[in-house]
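Input: a single structure, listed below in structure tokens.
By convention in this document, chain letters (A, B, ...) are assigned in the order of the sequence lines, proteins followed by strands, and residues within each chain are numbered from 1.
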Protein chains: 2
Amino acid sequence: MDPLDSPNSRPARLAAHSSPQGIAADLVAVLVAVTSGEPRVLTIQDQRALPSGPFELAHRSLQSGLRAWVERQTRLPLGYVEQLYTFADRDRAGTTGQHVISISYLGLTREQPAFGEHEARWRGWYDYFPWEDHRDGPPLLMEKALQPGLKAWASAASDRAAQRARRQRAAMLFGFEEHSWNEELVLQRYELLYEAKLIPEATRGNSSTSTSTRAALSNTPGHPMILDHRRILATGIARLRAKIKYHPVVFELMPDTFTLLQLQRCVEALAGRQVHKPNFRRLIEQQELVEETGETSQDTGGRPAKLFRFRRAVLAERAIAGTKLPVSGA
Amino acid sequence: MDPLDSPNSRPARLAAHSSPQGIAADLVAVLVAVTSGEPRVLTIQDQRALPSGPFELAHRSLQSGLRAWVERQTRLPLGYVEQLYTFADRDRAGTTGQHVISISYLGLTREQPAFGEHEARWRGWYDYFPWEDHRDGPPLLMEKALQPGLKAWASAASDRAAQRARRQRAAMLFGFEEHSWNEELVLQRYELLYEAKLIPEATRGNSSTSTSTRAALSNTPGHPMILDHRRILATGIARLRAKIKYHPVVFELMPDTFTLLQLQRCVEALAGRQVHKPNFRRLIEQQELVEETGETSQDTGGRPAKLFRFRRAVLAERAIAGTKLPVSGA
DNA sequence: TAATATATGCTCAACGAGAGTATATATCAT
DNA sequence: ATGATATATACTCTCGTTGAGCATATATTA
């Protein structure tokens, strides 16, 4: 089943029946850049929200509308844009009950001095999902904070079978007990934590939260966001982690020329895990994704590294499906 | 770039600026079943439209709303549901200029006697995309109808470089000249044909269509649909063809028990190409996706085949990412 | 009874992915 | 100057997967 519709991911509620004319739509953007080896997202509202704005039908397509809107608001040139998901089941906390359809997009760019009326700022995406960064092995907070909370959640199930199912699901998603870590399951992990009420967003606006839940929450790492913006961010990260494996979109995040190690660090930053250096280079070069510029970079510390540039021609040569980047264990 | 935003996929037009309150949303469903080895979609309006209806916010989530709506309208139990794409750039032919956001979904089910007020009928999806069926090799109509049209389109480009780019793109997508056929590029192929005005939908409502274009159109195979429904169907087929390779959704289309050849025929129907029988069986069995029922089926003609059933447990055991189905050359 | 169609199982070669090792060339601390 | 260290670059090996062909078993049908 589609993780975005996992049955218990949010409390059931009956919304008012709206006539089609009463619906509002807005765009939400997950804008990603990778700066000095860290994946970052553009945020507004004291870093608690993703950039968003009302949907206007003044463009040829949704996508070109988003592109124009982002470039007007932030002056960022978007290298790659892709629709993520359309949400319509938001909890509009505090609002008048007006329901909003949110159409979310992923956009790749290069970090620039933030610009915009809404105090736009770049922030590392692992600030929101610290458990997703496995570049130096599983982060300590997984044992310290997540595993106890998930264990408690599993034990709280009604019967033995349900407890076992919960434990198995947690182990599968977080790589406990023999299970290997799968970096693509960002959204499923977030939704499990949400379901287990280990995420502040899950109990927001719910006054009947128990004391024990509050205690667990206070230990939960990761910066919260408004509404379901963190879920949208999780969707974007998951999509990007899957995409870089078979589609050369990483280059939209790189400067014009770069060393192979810089490229590798960028992939590692996105995937949240290390990759095997020799294999990475082999795959990049044998696919002819890059070409040498003839120059070298010396500010890398050791031996000067050759500078490369992306061969944009491959986008025309090959079907937009046949390229691979290795994301495997170190 | 996302194929759904390819720059020339439809004529640019400036739509009226709508206030957020004036937006209507509806759901469009691509409902798929596979009956006796043929992939089929549910259609309405004399088989020229996909089932669709107004979006109502009376449900917990968009997805559960769609599920309820489909099951109410058609009495089909949906085994698997996934959001496809949200379109907002439709040409609302003949309507009052009211703009509609269409949220499209893919749903898998088993074919049942059609039910519903809108003369709902099942129809083979290759009636709409005859060039997508390569189970017996490339269909003749590719040489006969598509290749000449695409050749003309390529030659009509402004300069030599553009002509070459067009030829290359057509060859890449349709498998001409050394290029191999990639069954996943359904949407890209449709959009290329649209761009080349080889699809009736592309010139609809445009009175200035040239005579030569009309001639080409009359030769274009494939049943048209209203609005951009054929594009949505292409999106669904592409998504499903990609999905079956790493996610065990085929079983949602199968009866409770089935033979391995039936399963293979189902995969072949969806992928539009044949698969190697011994390899198919090997992969299915070594992944423990199925278990024997102990019974055999004799109505297959030759030696009785063992009957299998899907092991639903794998959905809980494995991360929703680690299963493979072979879709390769025969 | 032979022909035929399907079911089922086995083998082999080619390729790619993962992992380890070795060498070259720079910077930096002493 | 020199050794330590960090990076860059190249090569090798093994294993599992994948594509492809062949062989055998068991039914129906002419």
Any carboxylate oxygen within less than 4.0 angstrom of a Lys/Arg side-chain nitrogen, looking at [X] and [Y]?
X: B/Glu285; Y: B/Lys306; result: no
X: B/Arg309; Y: B/Glu292; result: no
X: B/Glu177; Y: B/Arg167; result: no

For [X] and [N], what is the distance between atoms [atom1] and [atom2] respectively, to the nearest whole Å?
X: A/Glu292; N: D/dA8; atom1: CD; atom2: C1'; answer: 12 Å
X: A/Phe280; N: D/dA8; atom1: CZ; atom2: C1'; answer: 14 Å
X: B/Leu261; N: D/dA27; atom1: CG; atom2: C1'; answer: 15 Å
X: B/Asn279; N: D/dG16; atom1: CG; atom2: P; answer: 18 Å
X: B/Leu260; N: C/dG9; atom1: CG; atom2: C1'; answer: 13 Å
X: A/Glu285; N: D/dA8; atom1: CD; atom2: P; answer: 13 Å
X: B/Phe308; N: C/dT8; atom1: CZ; atom2: C1'; answer: 10 Å
X: A/Arg281; N: C/dA19; atom1: CZ; atom2: P; answer: 18 Å

Would the distance check show the side chain of A/Asp127 and the main-chain N or O of A/Phe129 forming a donor-acceptor pair, the cut-off being under 3.5 Å?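 Judged by distance alone, no pair lies under 3.5 Å.
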Exam field: side chain B/Thr109 to backbone B/Pro77, donor-acceptor pair closer than 3.5 Å: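 Judged by distance alone, yes, a pair lies under 3.5 Å.
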If you check every side-chain atom of A/His276, which of C/dA7, C/dG20, D/dT9 has the closest atom?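 Nearest to the side chain of A/His276 among the choices is C/dG20.
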Just how large is the angle between the end axes of the helix from C/dT1-D/dA30 to C/dT30-D/dA1, five pairs per end, to 10 degrees?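 That helix gives 0° between its end axes.
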How does protein reach along nucleotides 25-30 of chain C, written 5' to 3' as B (base within reach of a heavy atom under 4.0 Å), S (only sugar-phosphate), or - (no contact)? BBS---
What does B/Lys277 touch in the nucleic acid at a heavy-atom separation under 4.0 angstrom: a base, only the sugar-phosphate, or nothing?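 Base, at least one base heavy atom under 4.0 Å.
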Pick out which of A/Phe174, A/Trp181, A/Tyr126 makes a ring-ring contact (aromatic ring centres under 6.0 Å, His included) with A/His134.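 Running ring-ring contact (aromatic ring centres under 6.0 Å, His included) over A/Phe174, A/Trp181, A/Tyr126 with A/His134 returns exactly one hit, A/Trp181.
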Whether the side chain of A/Arg282 and the base of C/dG18 hold a donor-acceptor pair under 3.5 Å is what I'd like checked.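 By the distance-only test, yes, there is a pair.
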Tell me if the CD atom of B/Glu291 is crowded by more than 12 foreign heavy atoms within 6.0 Å.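 Yes - once you tally the heavy atoms of other residues, nucleotides and ligands closer than 6.0 Å, there are more than 12.
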Applying salt bridge (charged side-chain N to carboxylate O under 4.0 Å, His left out), which residue pairs with at least one partner in residues 254-265 of chain B are found, sequence neighbours left out?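 The answer is B/Arg265-B/Glu268.
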Pick one: which of B/Glu132, B/Glu183, B/Glu184 meets salt bridge (Lys or Arg N to Asp or Glu O under 4.0 Å) with B/Arg241?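 Considering B/Glu132, B/Glu183, B/Glu184, a salt bridge (Lys or Arg N to Asp or Glu O under 4.0 Å) with B/Arg241 is found only for B/Glu132.
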On DNA chain D, check which nucleotide each of B/Pro278 and B/Gln286 is closest to and give me the residue with the more 5' one.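 Looking at the nearest nucleotide for each, B/Gln286 comes out on the 5' side.
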